[in-house]
Amino acid sequence: MPEYQAPLKDMTFAINELADINLLNGLPGFEDATPDMVGAILEQAAVLANEVFSPLNHPGDEHGAFIEDGLVVIPPGFADAYRQFSENGWQGLSQSPDYDGQGMPYLVQSAVSEMWVSSNMSLALCPLLTSGAIEALFAHASEALKQTYLAKMVSAEWSGTMNLTEPQAGSDLSAVRTKAVPDGDHYRITGQKIFITWGAHEMAKNIVHLVLARLPDAPEGIKGISLFLVPKYLLDSEGNVGEHNDLKVVSLESKMGIHACPTCVMSYGDQGGALGYLVGEPHNGLACMFTMMNHARLEVGIQGVGLCERAYQHALAFAQERVQGSIAGQEGRVTIIHHADVRRMLMQMRALSESTRALSYVAASAYDQARRSLGNEAGQRAQRRIDLLTPVAKGWCTEIAQEVTYLGVQVHGGMGFIEETGAAQYMRDARIVTIYEGTTGIQAMDLVGRKILRDQGQAIGELIAEMKLFKADLDAQGDEFKSMQARFTSALEALETTTLWYLEQVSSDPDLPGSIAVNYMMLVGYVVTGWLMAKSAIAAKRIINRGSNDIFYRNKISTATFFCEHIVPRAEGLKSTVLSGSVSTMSIDIESF
Ligand SMILES: Cc1cc2nc3c(=O)[nH]c(=O)nc-3n(C[C@H](O)[C@H](O)[C@H](O)COP(=O)(O)OP(=O)(O)OC[C@H]3O[C@@H](n4cnc5c(N)ncnc54)[C@H](O)[C@@H]3O)c2cc1C
């Protein structure tokens with residue numbers, strides 16, 4: 001089975017040429033993030049990903065996670081890999097130096113997260129959830145809670161979870177029923193949570209659960225939810241791990257993919273109430289939750305990137321070895337990579353993988369710019385940009401991961417359907433990424449509602465204006481870029497037309513947002529990635545013109561050209577779908593279905 005090799009060249013290219021690392025290292029606190037330093041960090045991460053995480057991925061899928069004698073058993077090697085991850089300080093890469101983090105931009109974290117996911121998604125989910133919990137505590141917890149918990153989480157000595165979902169409360173968290181009753185300086189939590197990722201395990205010495213619950217006087221609905229920190233083990237007066245809290249794992253879900261990741265049904269308060277501490281203000285759990293969720297949404301977008309890359313590498317290795325059929329002009333039988341249709345699939349996988357990386361890293365850079373330029377005009381603009389791009393990075397990259405992992409199986413033929421080759425695992429693992437942290441539908445509704453309508457198209461207008469400026473740049477390139485120019489021009493026009501049409505029509509049709517949201521979000525994704533891939537081609541050309549003979553840059557232009565010719569035209573089909581509005585979608589009565 002081919003092991004993963006981190007695509008350091010493409011990562012570095014995206015970081016330097018698209019996500020503008022030199023802009024970030026000019027911002028306060030990011031001075032150390034020079035291209036050399038970032039390159040060294042990526043190389044170190046690649047060693048752990050390639051040599052430690054990756055070999056555990058397929059055996060981990062076969063072994064799975066299960067409960068034995070009340071404890072969660074995970075695959076052999078995972079605890080040791082997590083120990084190496086923790087001891088080398090990877091959890092704290094982009095966390096605040098105030099809590100022993102290294103303060104690197106989130107952009108660098110994104111590239112490193114991509115490697116963890118590509119090499120072993122099940123294992124990577126544990127630090128991902130910890131990061132979300134750290135972000136929420138950093139932004140909303142009291143100083144005392146931060147001092148007690150953050151440094152241990154930043155070192156990964158303790159892991160973190162997000163406990164939102166209950167059987168009746170999935171996308172709709174207003175239905176949360178878990179209760180929190182005040183008891184002295186803390187609260188007693190009772191209730192059941194389902195689908196809790198890495199909710200129970202023995203890799204970390206403690207688990208810090210962030211739990212959504214309702215206070216006794218809470219108003220109905222989403223405004224009555226509060227957030228609580230509920231540790232697996234309570235702490236003694238010195239801050240050391242002590243007595244077990246009143247919480248337990250009831251069972252593990254039997255799942256389609258990510259078999260090595262324990263997805264837990266958790267019960268709180270069977271013995272009278274788990275001890276928890278309020279995070280943020282009472283009834284303000286929604287704001288805290290959004291800090292956690294926005295961060296996790298970007299990270300799940302990165303999962304899409306990591307899965308695309310791994311599936312592509314796997315399919316490529318197979319296509320270079322599998323002998324089948326012949327082609328005109330060549331003696332004897334050939335490896336399947338010689339067939340034009342297999343090349344089409346590999347190009348599609350390669351181009352889509354690179355485009356998801358481009359989009360996710362550019363989004364991460366906007367996130368960093370917004371955080372470090374608070375208050376000034378550039379910072380506000382970056383905030384509008386990241387607010388706009390978050391649902392697209394999550395929704396689009398994870399939908400694309402379905403296509404790429406599907407193609408990975410297809411390149412393998414029958415062997416793709418047989419588990420031993422490993423291609424099927426990526427397809428199964430990928431299936432969850434369009435669902436958790438808000439389904440594709442929920443991301444798309446966020447885009448057309450909160451991100452397009454609420455500001456009456458300001459943020460998307462700024463993005464379209466920037467892409468128009470770029471178009472002038474692209475048009476000034478020679479004939480080599482002619483097909484890119486034509487395809488990008490049509491796609492950009494499709495985005496502008498549908499956006500203006502939507503803003504005009506929406507007030508007269510309540511079904512319009514829901515009917516068009518996903519197609520509109522995919523359209524935004526294809527246009528933005530068309531822009532970024534064309535931008536990559538121009539950057540590669542510039543480097544070639546400066547004298548580089550590295551084939552990477554020539555191939556980048558070819559991949560970007562393929563992307564604009566074969567993928568970007570999907571935008572025009574989506575324009576037509578969006579402009580069809582809601583009528584035929586809603587034309588059959590519920591009773592007639
Ligand atoms: C493996 C796994 C790990 C998970 N990890 C965690 C975790 O660590 N912590 C946690 O709290 N949760 C976790 N979840 C839960 C996950 O976030 C939810 O499954 C997800 O948010 C969707 O909720 P649901 O399953 O109840 O689906 P539903 O909300 O019932 O959705 C069903 C369908 O209806 C659509 N829909 C629902 N509401 C609307 C609406 N208003 N408008 C339009 N369409 C709508 C959805 O898009 C979807 O297609 C996990 C789930 C899984 C499977």
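Residues take their numbers from the sequence shown, with the count starting at 1. What you see is a predicted model, and the numbers here were worked out from it, not measured in a lab. Worth knowing before you read on, the calculation uses all heavy atoms, side chains too, and leaves out hydrogens, waters and symmetry mates. First listed ligand is number 1; within each ligand, the first listed atom is number 1.
Within a 6.0 Å sphere centred on NZ of Lys146, other residues, nucleotides and ligands contribute more than 12 heavy atoms. Other residues, nucleotides and ligands place no more than 12 heavy atoms under 6.0 Å from the CZ atom of Phe417. Atom CZ of Arg177 is surrounded by 12 or fewer heavy atoms from other residues, nucleotides or ligands within 6.0 Å. The neighbour count for Glu281 CD, taken as heavy atoms of other residues, nucleotides or ligands under 6.0 Å away, does not exceed 12. Environment of CD in Glu420: sparse, with no more than 12 heavy atoms of neighbouring residues, nucleotides or ligands closer than 6.0 Å.
Comparing Trp198, Phe195, Tyr436 by heavy-atom distance to atom 13 (C) of ligand 1, the nearest is Phe195. For the residues Asp172, Leu212, Ile442, Val518, the heavy atom positioned nearest atom 41 (N) of ligand 1 is part of Ile442. Residue nearest to atom 2 (C) of ligand 1, selected from Thr440, Ile435, Ile432, Thr161: Ile432 (by heavy-atom distance). The heavy atom nearest to atom 37 (C) of ligand 1, out of those in Gly257, Ser171, Gly514, is found in Ser171.
Protein heavy atoms are found inside the 4.0 Å sphere centred on atom 20 (C) of ligand 1. For atom 28 (P) of ligand 1, the protein comes within 4.0 Å by at least one heavy atom. Within the 4.0 Å cut-off (strictly below), a protein heavy atom is located near atom 53 (C) of ligand 1. Within the 4.0 Å cut-off (strictly below), no protein heavy atom is located near atom 32 (C) of ligand 1.
Ring planes of His209 and Tyr268: perpendicular class, angle over 60° (limits at 30 and 60°). Using the six-membered ring where Trp is involved, Phe85 and Tyr82 have ring planes that are parallel, under 30° apart on the 30 and 60° scheme. Ring-plane geometry between Tyr277 and Tyr149 is classed as tilted, the angle between the planes lying from 30 to 60 degrees on a 0 to 90 degree scale.
Tyr436 and Gln303 share a side-chain donor-acceptor pair at under 3.5 Å.
Contact annotation: for Glu437 versus ligand 1, heavy atoms closer than 4.0 Å belong to the backbone alone. Contacts of Thr197 with ligand 1, taken as heavy-atom pairs under 4.0 Å, involve both backbone and side chain.
Considering only non-hydrogen protein atoms, atom 26 (O) of ligand 1 sits nearest to Gly170 CA, 3.1 Å. Scanning the protein for heavy atoms near atom 9 (N) of ligand 1, the closest one is Met162 O, 2.7 Å. In terms of protein heavy-atom proximity, atom 49 (O) of ligand 1 is closest to Thr439 CG2, 4.5 Å. In terms of protein heavy atoms, atom 12 (N) of ligand 1 is closest to Thr165 OG1, 2.7 Å.
Each of the following atoms of ligand 1 lies closer than 4.0 Å to a heavy atom of Lys255: 1 (C). Those atoms of ligand 1 with a heavy atom of Leu164 less than 4.0 angstrom away are 10 (C), 11 (O).
The closest side-chain heavy-atom distance from Leu48 to Trp116 is below 4.5 Å.
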Tyr4/Glu309 under side chain to side chain donor-acceptor pair (under 3.5 Å): CA gap, chis, key distance, verdict
CA-CA 9 Å; Tyr4 168 69; Glu309 176 63 36; over 6 Å; no

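A heavy-atom separation below 4.0 Å is found between Ile196 and ligand 1.
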